[in-house]
Amino acid sequence: MKFPRLVVIVGETGSGKSSLAHLLALENNGEIICADSRTVYKGMDIGTAKPTKAEQAEAKYHLLDVVESNEIYNAARFQTDANQAIQQISSAGKLPIMVGGTGLFIDSVLFDFDFGHVPNSELRAKLSALTLDELRVQALVIDENLDSNTLSNKRRLIRLIEVGEVVEQQNELRKNTIVLGLKIPKNELRKRIEQRTELMFRQGLRKEVDELVDEYGWDSEAMSGIGYREFQDYSEGKLSMTQVKNSIVKNTLNYAKRQRTWFKRNPHIEWFEDPVEAKKSVDNFLTTGQ
RNA sequence: GGCGCGUUGGCCGAGGAGUUAGGCAAAGGUCUGCAAAACCUUUUACACCGGUGCGAAUCCGGUACGCGCCU
């Protein structure tokens, strides 16, 4: 079976998708695949709201703690790892459930992305030294219809030049797949994110950050995430701890906004505000295969 | 009571007679190997009243509020 049955749950940070996934796993003999660009890192537990040890004891989680906090993980690698996990889970007779908020990661599996050329770090280094205008000139040769979003984005221009062509968008959904989206009202989301941040502090976020900084420094991959990087300003005396906390809430909210924008354009997502309704939809999918 | 200084969009903050300061926040958006990233778009303000100018947020006078100093 090339495309085993797959349940996918998406949503913004704090939407409750993780707990829904956990429940679904328990009820349907499922295993979870985390589609999250941060929980792949070891040592980043509190700030990424990684499933707890207790949760991991109840249900099997995949793609957690797969790299050290100073390593780089990326979408292409996720795609491979996730597909492998899906095969493995389903050949063991279980139901794969993919949950996460990293849109690119999710879509790479959902739409079977062909990422194209492998990154060329030498070329990238060379291109990074160029100005935006110089990159534009090269990029416009490849595609003269680039919009202002891309034309101002150095990183994307570099990738475009590296690949040498515009990759064709693919929007045919993976077979045997149901995609559920969890959404919650905005003011409710804010409340949850505030509570969640508060909880992280109580669970010892600050200590986790200190340990990671001691080991990898402020410039490491681990420290680039929300809930971590904000502490640098505290350590430099620029922000008080309260301001750090507020800043984390704000950045998380901004991130949630970007996630919402990302998922909004996917027409295959069935949106739910009530997890119970979402569960019914999954039940239906599992019994009818539809 | 007298003298001086200040009053800029949600906040900070430049400028200063006729083209957009900028930053932050907010809202919307982009997205195929860094994605909790990177980036795009939008929001037309100068306390109030009068005066002088073709033209004032920008100059002059007064009013209010704030700050400082003096008696």
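Residue numbers begin at 1 in each chain, while the letters A, B, ... track the order of the sequences.
Looking at the side chain of A:Leu104, the nearest of the listed nucleotides B:G29, B:C34, B:A38 is B:C34. Side-chain atoms of A:Asn149 lie closest to B:C40 of the nucleotides B:C40, B:G33, B:G28.
Nucleic acid contact for A:Gly116: base, since at least one base atom lies under 4.0 Å from a heavy atom of the residue. Nucleic acid contact class of A:Thr102 (heavy atoms, under 4.0 Å, all strands): sugar-phosphate only. When heavy atoms are screened at a 4.0 angstrom cut-off, A:Tyr73 is found touching the sugar-phosphate backbone but no base atom. Residue-level contact check: A:Lys154 touches neither bases nor backbone, having no heavy atom under 4.0 Å from any strand. Among the heavy atoms of the strands, none lies under 4.0 Å from A:Glu162. Among the protein residues, A:Arg260 comes within range of no part of the nucleic acid, since none of its heavy atoms lies under 4.0 Å from any strand.
Taking syn as a glycosidic angle within 90° of 0, B:G50 does not qualify and is anti.
Residues A:Phe285 and A:Leu180 have side chains not in contact (no heavy-atom distance under 4.5 Å, counting atoms from C-beta outward).
For the C1' atoms, the distance linking B:U43 with B:A64 amounts to 29 Å, nearest Å.
Cation-pi geometry between A:Arg265 and A:Trp262 is satisfied (NZ or CZ under 6.0 Å from the ring centre, within 45° of the ring normal).
Proximity of A:Asn171 to the phosphate of B:U32: no side-chain N or O atom is located under 4.0 Å from OP1 or OP2. Close to B:A27, at under 4.0 Å from its OP1 or OP2, lies a side-chain N or O of A:Lys186.
A 3.5 Å limit on both hydrogen-bonding distances identifies B:A27 as the Watson-Crick or G-U partner of B:U41.
Between A:Phe115 and A:Arg229, the one whose closest nucleotide on RNA chain B sits nearer the 5' end is A:Phe115.
Between the side chains of A:Asp81 and A:Tyr73, at least one donor N or O sits under 3.5 Å from an acceptor N or O.
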